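Everything below concerns the one structure shown next.
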Amino acid sequence: MLDIHFVREHVEGVRENLSRRQYAPYLELFDQVAGEDIAYRKALQEVEGLRAKRNQLTQQVAKVKDNPMEKQKLVQESRSVGEQIILNEKIQKELKEKIHEKLMKLPNLLAEDVPFGKDDTQNVQVKTWGEITEKNFEVLTHAQVAKNVDGAEFDRAVKISGTGFFALKGPLVLLDLALQRYALDMLMRDGFIPYTPPVLMNRAAYEGVTDLSDFGNQLYKIENEDLHLIATSEHPLTAQYMNETLPSSQLPIQLAGLSPCFRREVGKHGLDERGFFRVHQFNKIEQIVICSPEESPAFHTRMVSNTEKLFQGLGIPYRVVNVCTGDLGIVAAKKYDIEGWSPREKKYFELASLSNCTTYQAVRLNIKVSSPDGSKRYAHTLNATAIATARMLRAILENYQTPDGGFDVPPVLQPYMYGLTHIAPVTLVK
RNA sequence: GCAGCGAUGGCGGAGUGGUCUAACGCGCCGGUCUGGAAAGCCGGUCUCUUCACGGAGGCACGAGUUCGAAUCUCGUUCGCUGCGCCA
């Protein structure tokens, strides 16, 4: 959410920034907010004036308690002021709610170098890493390799939970855990503290960290409870600081979230019956940073570098793209995606998403930073995928695939897998 | 799930319908003092609004009673203790 005080003081600048998204409804919303804010402050002053008047009257009532005539008169007057207050309060509250509603729908201000674009096809590639080499055999799908090594159950998972669910077993469970340990070990060396949050969150906390449309499209809700399954550990890790003022001496907060993630993916096609790519549940290690405003750009760069190092260690060719306006969403001021190479499809696919949300979540959640001199500002929040294990499993099963239909274990993961170097197909599976 | 108790500023804690002020203590910031520091003393330390003077609000959250609510009533949430259930 945009800070109304900031908006007030920078009406033209904010409007110009919003216009860079080239989406007229945002400007209309913004102009309404700006107008309603002026009306709101006027209404507020009227209400406060009336309340001041009533305060004076009620204090006089206390003084003339022993004079029934005088008292009666003052009570009468005070009562009529009270009625006016109720009317004016209603107007003032309605304006306040209207403004809040609209502010919740307006997107974050864009960082300077966010490119304009319609959708994810117009993201701008800023870097590639790794050598793309042709395999001298036909590359199987990751789901086929998973079956070959008896590392997953697809049909049975669908039987009990529906399409978009999968179960890991055997070597892929070990590989999934190895990826988690590998990512955690690296992040801990960079000062991130491992953190496993609750996977259920109430609505008030959730509204602080996500786009409102996610409630319909993305989040699972528990029936008859004010609880939602988290779509990423970013959400609880960030929201847990809501309504807190953090002393600058306690910053930055760096957490390495480890949790399962749950996504409904309503309206999106291609949910996997056989695979790990677009699914309802997966494990993810996430980098979270809460810091002072001036620190966030440097942290963003550092978090991207961390994820790159993880991918480089795994030996997965990738590219980094600067996400354009049409694919950015409303929360981030700037976002990079990292896409890994698929030797089967011969194209890049999304593996990680790394965002600087500046004050957007902090305003909604009311998270502030206090300086030693007592001044307070909104904090900046950042989140970045380290490894989403399901998608990384696909990357490994394709890039490390061997002609026998199995796969090699990336060397950096071998210490986490009892030194295993190769996972061979099992003849028992169909 | 049931019962009892509870929720007040960064922290501890007073206040149970009206004295202009949420007392007092701790912590923190600034000043004074000092060669420097500590102690002491003075001032500041929730939010909104106003160019400013000032004004309004704020005692878990939401309604209500009243001329007037931290204080009374109802609902909700959360916490503590005990019982029940339980990996």
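Small disclaimer: the values here were computed from a predicted structure and weren't measured. Below, read A as the first sequence line, B as the second, and so on, with proteins coming before strands; counting in each chain starts at 1.
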Would you measure the distance from the C1' atom in B:U21 across to the matching atom in B:G30 and give it in whole Å? 23 Å

Could you write nucleotides 67-72 of chain B as a row of B, S and -, 5' to 3', where a protein heavy atom under 4.0 Å of any base atom gives B, of only sugar-phosphate atoms gives S, and otherwise -? BS----

In whole Å, I'd like the distance from the CG atom of A:D3 to the C1' atom of B:U47. 13 Å

Centroid separation under 6.0 Å, is that true for the rings of A:F276 and A:F166? yes

Measure CD/A:E89 against P/B:C48 and give the value in whole Å, please. 19 Å

Need to verify one output field. Residue with the more 5' nearest nucleotide on RNA chain B, A:K368 or A:A52? A:K368

Grab the CD-P distance between A:Q56 and B:G54 for me, whole Å please. 15 Å

Between B:C78 (P) and A:N202 (CG): distance, integer Å: 9 Å

How would you list, by chain and number, every residue that makes a ring pair (Phe, Tyr, Trp, His ring centres under 6.0 Å) with A:F349, sequence neighbours excluded? A:F277

Ring pair (Phe, Tyr, Trp, His ring centres under 6.0 Å) contacts touching residues 354-402 of chain A (sequence neighbours left out): none

Side chain to side chain donor-acceptor pair (under 3.5 Å) filter on A:H235, not counting sequence neighbours, yields A:Y206

Roughly how many Å apart are B:G9 and B:C28, using the C1' atom of each and rounding to a whole number? 13 Å

Output every pair passing ring pair (Phe, Tyr, Trp, His ring centres under 6.0 Å) with a member in residues 170-204 of chain A, not counting sequence neighbours, ordered by first then second residue. none

Of all residues at least two apart in sequence or in a different chain, which pass the side chain to side chain contact (heavy atoms under 4.5 Å, CB included) check with A:P415? none

Give the rounded distance in Å between these two atoms: CD1 of A:I85 and C1' of B:G55. 13 Å

Let me have a per-nucleotide readout for nucleotides 6-11 of chain B, 5' to 3', with B, S or -, counting only protein heavy atoms under 4.0 Å. ------

If you measure from the Lys or Arg side-chain nitrogens to the Asp or Glu carboxylate oxygens, is any gap between A:E207 and A:R203 under 4.0 Å? yes

Figure out the CD/P separation between A:E48 and B:G58, and round it to whole Å. 11 Å

A:Q45 CD to B:A52 P, in whole Å, measures 11 Å

If we take the P atom in both B:U49 and B:C41, what is their distance in whole Å? 37 Å

On a whole-Å scale, what distance lies between the P atoms belonging to B:C83 and B:G27? 41 Å

Do the side chains of A:R377 and A:E294 get close enough for a salt bridge, i.e. N-O under 4.0 angstrom? yes

Between B:G54 and B:A60, how many Å separate the two C1' atoms, rounded to a whole number? 31 Å

Pairwise P distance for B:U66 and B:C61, with rounding to whole Å: 23 Å

How would you list all residue pairs meeting side-chain hydrogen bond (donor to acceptor under 3.5 Å, both in side chains) that involve residues 7-19 of chain A, not counting sequence neighbours? A:R8-A:D37, A:R15-A:D31

Who are the side chain to side chain donor-acceptor pair (under 3.5 Å) partners of A:R156, not counting sequence neighbours? A:E153

Measuring only the P atom in each nucleotide, how far is B:C5 from B:C74? A whole number of Å is fine. 13 Å

Which residues satisfy the ring pair (Phe, Tyr, Trp, His ring centres under 6.0 Å) test with A:F165, sequence neighbours excluded? A:H280

Does A:Q59 contact B:G18 through a side-chain donor or acceptor facing the base, at a distance under 3.5 Å? no

For RNA chain B, write out the stems as range with range, using runs of 3 or more consecutive Watson-Crick or G-U pairs with both distances under 3.5 Å. B:1-7 with B:77-83, B:10-12 with B:24-26, B:27-32 with B:40-45, B:46-49 with B:54-57, B:60-64 with B:72-76

Suppose you measure atom P in B:U16 against the same atom in B:A52; what distance do you get, rounded to whole Å? 37 Å

I'd like to know if A:E94 and A:K98 make a salt bridge, using a cut-off of under 4.0 Å between side-chain N and carboxylate O. no

Given atom NZ of A:K96 and atom P of B:G57, what is their separation to the nearest angstrom? 14 Å

Any residue meeting side chain to side chain donor-acceptor pair (under 3.5 Å) with A:S233, in chain and number order, not counting sequence neighbours: none

Are any of A:R51's side-chain N or O atoms less than 4.0 Å away from OP1 or OP2 of B:G55? no

